[in-house]
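Have a look at the structure below, then the notes.
Atom set for the values below is all heavy atoms of this structure, side chains included, hydrogens, waters and symmetry mates excluded. By convention in this document, chain letters (A, B, ...) are assigned in the order of the sequence lines, proteins followed by strands, and residues within each chain are numbered from 1.
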Amino acid sequence: MNFFTALKEKPWQTNSHYQQEFADKTELFPQKTALRFFIGMVGIIFFLFTITFLGRTQYPDFQALAGEPWLPFTNSFQLWFNTGILLLASAALFSTGKAAEAQRINLVIAGLFFTFLLSFLFLLGQLSVWKHLNSLGYFINSNPANSYYYLFTCVHGLHLVGGLLVLIKMTYKFLSKGSLDLLSKGLILCKTYWNFLLIVWLFLFALLTSSSETYQTIAILCGF
Amino acid sequence: MSNVAIADQPDDSHHPKTFITKYVWSQDHKVIAIQYGTVAIFVGLIALVLSGLMRLQLGFPDSFSFIDPSAYYQFITMHGIIMVIYLLTALFLGGFGNYLIPLMIGARDMVFPYLNMLSFWFYLLSVLVLLASFFVPGGPSGAGWTLYPPQAILPGTPGADWGILLMLISLAIFIIAFTMGGLNYVTTVLQARAKGMTLMRMPLSVWGIFVATILGLFAFPALLVSAIMMLLDKTIGTSFFMPAIISLGEQTGYTGGSPILFQHLFWFFGHPEVYIVALPAFGMVSDVLATHARKNIFGYRQMVWAIVAIGGLSFVVWAHHMYVSGMNPYFGFFFATTTLIIAIPTAIKVYNWVLTLWKGNIHLTTPMLFAIGFIFTFTHGGLTGLFLGNVVVDLPLSDTYFVVAHFHMVMGVSPIMVLFAAIYHWFPKITGKMLHKGLGKAHFWITFLGTFAVYLPMHYLGFLGVPRRYYAMGDTDFVPASAQDLNASITVAALIVGVAQLIFIYNLILSLRKGEKSGPNPWNATTLEWQTENTPPTHGNWGEHSPVVYRWAYDYSVPNTLEDFIPQNIPDEAVAKESTTSKSRSQENGDKS
Amino acid sequence: MKIAIAIILLVVFSVAFHLVSPWYLPPIASNWQAIDDTISLTFWVTGIVFILVNFFLAYVVIKYRKGKQERADYEPENKRLEIILTTITTIGVAAMLAPGLLVWDQIIAAPEDSKEIEVVGQQWQWSFRFPGDDNKFGKVNNQFITVANPFGINPSDPAGQDDLLVSGNEVHMPLEQPIKVLLRSKDVLHNFTVTQFRVKMDLVPGTVTSIWFKPTRLGSFEILCEELCGIGHFAMRGRVVVDTPEDYQTWLNQQPTFAQTQDFTAGDPLKGQSAYMICATCHGQKGEGNAAMNAPKIAGMAPWYVERQLRYYQQGIRGKHKDDMFGQQMAPMALTLSGATSVDDVAAYIKTLQDIPVVETIQGDTKRGMSLYRTCGTCHGATGLGNQGLNAPRLANQHDWYLKRQLENFKQGIRGKHPHDVYGVQMRLMSRTLRDEQSIMDIISYINTL
């Protein structure tokens, strides 16, 4: 039942829709509802960071990280590489979920292994970009564009680390109890979360490697 | 939409055996609620003492040598932040939200009990970190609870070294705690309702808490974002909010940041925060009024719609806190309009409360007195909001004592009236004992009349142009000397109200020990929490069978029934039967008014 | 029952309080009568609602309290009533909002002929800038701010050279002339409020905000900062003097241009040395001060402070108060420095004097003094060396009996009360944080250790 339809119910009439309500079971399980709200919340965090970022791009001291030949992300090969890895991690998680549904334990274990490996690789890749930036003299406090780059990637990375911790806990439970059902339920959640983080990353990637002209256009469109 | 799987299950939860798992590392929502409540009331008392200290300075300047400007600004800052976040938010949602949601919707517990437990411990940690700032070098932050940069992190402000760091860290921890609790409340309401408990059959308390929690989940990120960015500005010298400035005569390394950006983020959180506190209060007071007036809440659907509408609108009014902040002045048109629009659903709620009493059978019990007191104080505070919401009227009044009086009336006194109503109302369920009546009434009268004596004159200080956050007025030619008398009288009233809260604490302790036994349903209320097998309810709440809901939460004085209330879990067929056995029951409960 | 009576009485009391209260908006001194009218309108609308809702509440409580009727009514909702109430509320809200928005439209658009005045805020002082003959403000940036260029004017911008600078806390404005104040901050958020003008606006570092008004009444009005700006927030006061256009022009002509302030030539210590002879009789050959003559130590004092105090004495801003016995002795002495540069010369000579340690005469609780000094240290420096950027003189290594007397003078309004003592107001408010004799002794005994 739609939320707003539900609000029209006249509850003092005792013969109201509750009979239907008994039958109205959906596929949602509580963890999924909670995850949806959590993703909404994290989405808002990134949204607000983005808004402040776009506002900040219009101040004269802002120097974009891409757009001119000498700027570090004009050639963003390494970021493309990291993106590919994160994509593969999501794919690995996806196939792990499929394998769990099909009750194929070997594939599940392999899938989990690759998910961990690729996710860690992504984090390492992000770290190495930090190092690279640092070695070029792009420190976190030398320009707001740099500050935002470090901030965004750090917050994104921390969310991935959080996801990994949950996945580790699930894997541990699975290995000690061997219940595939429980794991496959959990994998559905992880899959959603990883996909969400992938989308966020693609968005951040596009945002952070734009040129100052792009920012200006966006800012005008948003009415800053 | 909803799923009854969890509530439907037999009670297979593992009941804790040891003292520690039962009362300390408890996963029972009721114990967690009491833990939340106790800590919140404790920090609330600290904040109350702080307000007393600052009133001493304002009422009797030049008298107390330990209140220097630094200390004064630290008092107001800690008072504000503790009251708004660590007391009101925590007590309404962590305390009453935790206690009432599962009981009122007929669930055995929150859907994620372990997360719920963690939520409390993170909350406690955040409180400890905050209180720790009293003991670090430089003391707590004195930046005002709004923590506006650049001031908050520069040396001209007390606590700009350690205090502000601990404050920001504590806020971040609080937000984590709130998220864990909030996800629980929302999911529980959506997924764990008892059979037959449609959304529109939920008591308004649950509605208020539910919508407030959603607001919290979507508004606290803004505070988190601003806290993180300010932490970075403070610790590693980024320039998110910090423009090129000098500080105490020296150049700083900052360039180009925007302090107004912080204010937008802060109030994007801050205004919904008002409703995070107000909506649960609206909901709970509705239930108290209906129960003690023996009448259904008037216009239940409008009440729900108003809660949802207020919740939605609260995200598009934030900049009315910023009319004089230097933001684009054209925003003023938009935000003044949205702000005054939000007055309409709010007014409907007030009308419906009064209309609930209309043609009722009003029992003037202690909770009812507080609830009626709330209608008065909320009307008062709400109407002064129409002054400040209207952008031109805000110009002369902004940053004066009028603002202080307004928000204390509407966001301090009013929700606290509801909190007291709620405590007097639900204490019998929580403990199985009644609170002492005489002490309760004394507490009500002093609090109600006292707070009025504090805040009514304060509005007029605002009209005079007395600015808020002034340590001392000194000699000002446009403020008459008599304003100081007004200030002194406010201080006396405030101290009396402050001390009167000891009556309440004493009442809590006394009644807990020697209070009259309450029985399961002393107020003859309809909602599910009064229908539990045991009072106080035990772990798992419902014994063998979860309740099944057959009606809405407000079947009071239904025509052609013998008793003047029908609990939600009584099927239509049983109502007639109830009538024959009801005599013994009403004797057993007595009339607790 | 009691609660109903209480509510009726509170409503009656509120209305009565409002009607007889002597505490209300101070008389307006600008063109913004429309704001006051909107307030009155809002009072009417909200007042009526307040009275009606609460009287009805009281009536309901009296009429339907327990025992008055057997049983409550059962009425889940009444759509018609809700719609009527919503409509009435909407009309009331619109009645307040619409005029408000119309007035706001005027407030945000300054008239073409308004005169621009720049107000600069810093912790915890005001200063002002006028565009000068070319009617154009020079470019500014906080990064240009130095002790010699406190306004941060770009030295290479020709438009800035003729800008008139007012460094004190007091500004003059012409009567009946629309003024657009441009607001700018050097450090944190501040707020420019003149209560009698009704409008106010924040000063935001990094950007320039503005507000306009037309002064309609002659007189001197206080400027208050109304955005918390640190521990000196409550002491951040200034003044707007509304003059007739002629008086205003006379005042304006006395203000120095930016170029003049930059063209400043330091005093000549050699010339100052001879002028110092007369000072030496009391303050000593080495400027060490003399308790018997009640003369403070002046060796080690910064020239800017010495100059300011000497000019204060000359202009009667200091040493005029009838209870300031020793100040009265100093005032005629200062007048002997009559040459155009003699004040600067003496200050320059004093700068060359060797700083020598003083003898302590005051004992107090140093530890308590240290915590009391927390506030003072913000401006005067943690080690009491003073801070020119904040106009705060050095305290360390001054005779303690002198410090004590000055603190007492500030506290009692013997010093710092003159309307032109632009930083005295601040020190007066601050000195009052020392509640008693003992606190003064304690804090001075701490300053002795610096």
Side-chain angles (χ1 to χ4, degrees), chain B residues 62 65 68-70 144 148 150-151 156-157 243-247 249 259 294-296 299 302 324-326 329 332-333 340 343-344 347 351 354 357-363 369 372 376 379 383 386-387 390-393 395-396 399 460 463-465 467 469-472 474 478 557-559, chain C residues 3 7 21 23-26 35 38-39 42 46 50 53 57 60 64-66 71-74 76-77 82 85 89 93 96-97 100 103-104 108 123 142-143 145 186-189 195 198-202 204-206 209 224 226 228-231 234 374-375 387 389-390 429 432-433 435 439:
Chain B
D62 308 330
S65 54
D68 62 7
S70 304
Y148 281 178
Q151 184 244 134
T157 300
I245 47 175
I246 54 163
S247 170
R294 317 307 299 156
K295 183 158 172 273
N296 64 286
Q302 285 77 23
V324 299
S325 70
F333 293 110
L340 266 67
I344 298 169
Y351 302 147
V354 182
L357 299 179
W358 185 46
K359 295 188 178 173
N361 178 14
I362 301 169
H363 293 40
L369 287 180
I372 294 174
F376 177 81
T379 310
L383 289 172
L386 291 169
F387 286 75
N390 202 352
V391 53
V392 289
V393 183
L395 277 186
D399 290 310
Y460 290 85
F463 280 120
L464 276 180
R469 292 172 166 176
Y470 260 37
Y471 166 77
F478 65 91
S557 307
V558 181
Chain C
I3 180 79
I7 286 174
S21 156
W23 303 293
Y24 200 59
L25 295 163
I35 291 182
T38 320
I39 294 181
T42 312
T46 57
F50 179 68
V53 167
L57 173 66
V60 164
Y64 300 105
R65 68 186 191 277
K66 196 178 114 191
R71 208 181 168 90
D73 258 27
Y74 185 80
E77 67 180 33
E82 301 268 6
L85 287 173
T89 312
V93 163
M96 288 182 287
L97 179 64
V103 179
W104 181 242
I108 60 180
Q123 282 172 328
N142 281 344
Q143 282 167 318
I145 291 175
K186 293 192 212 171
D187 38 38
V188 303
L189 299 169
T195 303
R198 298 293 187 263
V199 289
K200 65 177 61 147
M201 190 50 71
D202 276 6
V204 183
T209 57
L224 301 182
E226 297 203 353
L228 180 54
C229 58
I231 64 165
F234 68 104
R374 193 162 62 139
T375 313
N387 187 335
L390 301 176
L429 279 161
R432 285 169 64 174
T433 66
R435 313 290 193 201
S439 305

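- Only the side chain of C:L429 comes within contact range of chain B, with heavy atoms under 4.5 Å apart.
- Checked by atom type and distance alone, the side chain of C:R71 never pairs as donor or acceptor with a backbone atom of B:N361 at under 3.5 Å.
- In terms of heavy-atom pairs under 4.5 Å with chain C, the best-connected choice from B:R469, B:R294, B:Q151 is B:Q151.
- Note that OG of B:S325 and CG of C:D202 are 6.0 Å apart. Values are rounded to the nearest 0.5 Å.
- For the options C:I145, C:I231, C:V53, C:I7, heavy-atom pairs under 4.5 Å to chain B are most numerous at C:I231.
- Of the atoms belonging to B:P150, heavy atoms from both backbone and side chain fall under 4.5 Å from chain C.
- A salt bridge is defined here as a Lys NZ or Arg NE, NH1 or NH2 lying under 4.0 Å from an Asp or Glu carboxylate O, and B:D68 with C:R374 meets this definition.
- Listed by chain and residue number, C:R368, C:D436 satisfy the side chain to side chain donor-acceptor pair (under 3.5 Å) test with C:S439 (two or more places apart in sequence, or in another chain).
- Proximity to chain B is limited to the side chain of C:I35, based on heavy atoms less than 4.5 angstrom apart.
- Between chain C and the options B:G144, B:A343, B:G360, the largest number of non-hydrogen pairs under 4.5 Å is found for B:G360.
- Per-residue heavy-atom pair counts under 4.5 Å with chain B were compared for C:L85, C:N387, C:L97, and the maximum is reached by C:L97.
- Here the CD-CD distance, from C:E82 to C:E77, works out to 7.0 Å after rounding to the nearest 0.5 Å.
- Note: B:F376 and C:F50 have tilted aromatic rings, judged against thresholds of 30 and 60 degrees for the angle between ring planes.
- Using a 4.5 Å heavy-atom threshold, the side chains of B:P69 and C:F234 count as touching.
- Of all the listed residues (B:G332, B:S247, B:S70), the one sharing the greatest number of non-hydrogen pairs under 4.5 Å with chain C is B:S70.
- Contacts with chain B were tallied for C:G100, C:G206, C:P76; C:P76 has the most, counting heavy-atom pairs under 4.5 Å.
- Only the side chain of C:V204 comes within contact range of chain B, with at least one heavy atom under 4.5 Å from a heavy atom of that chain.
- Using a 4.5 Å cut-off between heavy atoms, B:A244 touches chain C through backbone and side chain atoms alike.
- With rounding to the nearest 0.5 angstrom, the CG atom of C:L25 is 4.5 Å from the CZ atom of C:R198.
- With a threshold of 4.5 angstrom between heavy atoms, C:L390 approaches chain B through side-chain atoms but not through N, CA, C or O.
- Contact of B:N390 with chain C is made through the side chain alone, with heavy-atom distances under 4.5 Å.
- For C:S21, the part sitting under 4.5 Å from any heavy atom of chain B is the side chain, from C-beta outward, and nothing else.
- Both the backbone and the side chain of C:Q143 come within contact range of chain B, with heavy atoms under 4.5 Å apart.
- When heavy atoms are compared at a cutoff of 4.5 Å, C:T195 approaches chain B solely by way of its side chain, counted from C-beta outward.
- C:L228 places none of its side-chain heavy atoms less than 4.5 Å from the side chain of B:Y148.
- Among B:P329, B:G249, B:G326, the residue making the largest number of heavy-atom pairs under 4.5 Å with chain C is B:P329.
- Note on C:V199, C:T209, C:T375: by heavy-atom pairs under 4.5 Å with chain B, the leading option is C:T375.
- For B:Y470, the ring-ring contact (aromatic ring centres under 6.0 Å, His included) partners two or more places apart in sequence, or in a different chain, are C:H233.
- In this structure, the side chain of C:K200 engages the main chain of B:P396 through a donor-acceptor pair within 3.5 Å.
- Of the two parts of C:E226, the backbone and the side chain both hold a non-hydrogen atom closer than 4.5 Å to a non-hydrogen atom of chain B.
- The CG atom of B:D62 lies 4.5 Å from the CZ atom of C:R432; values are rounded to the nearest 0.5 Å.
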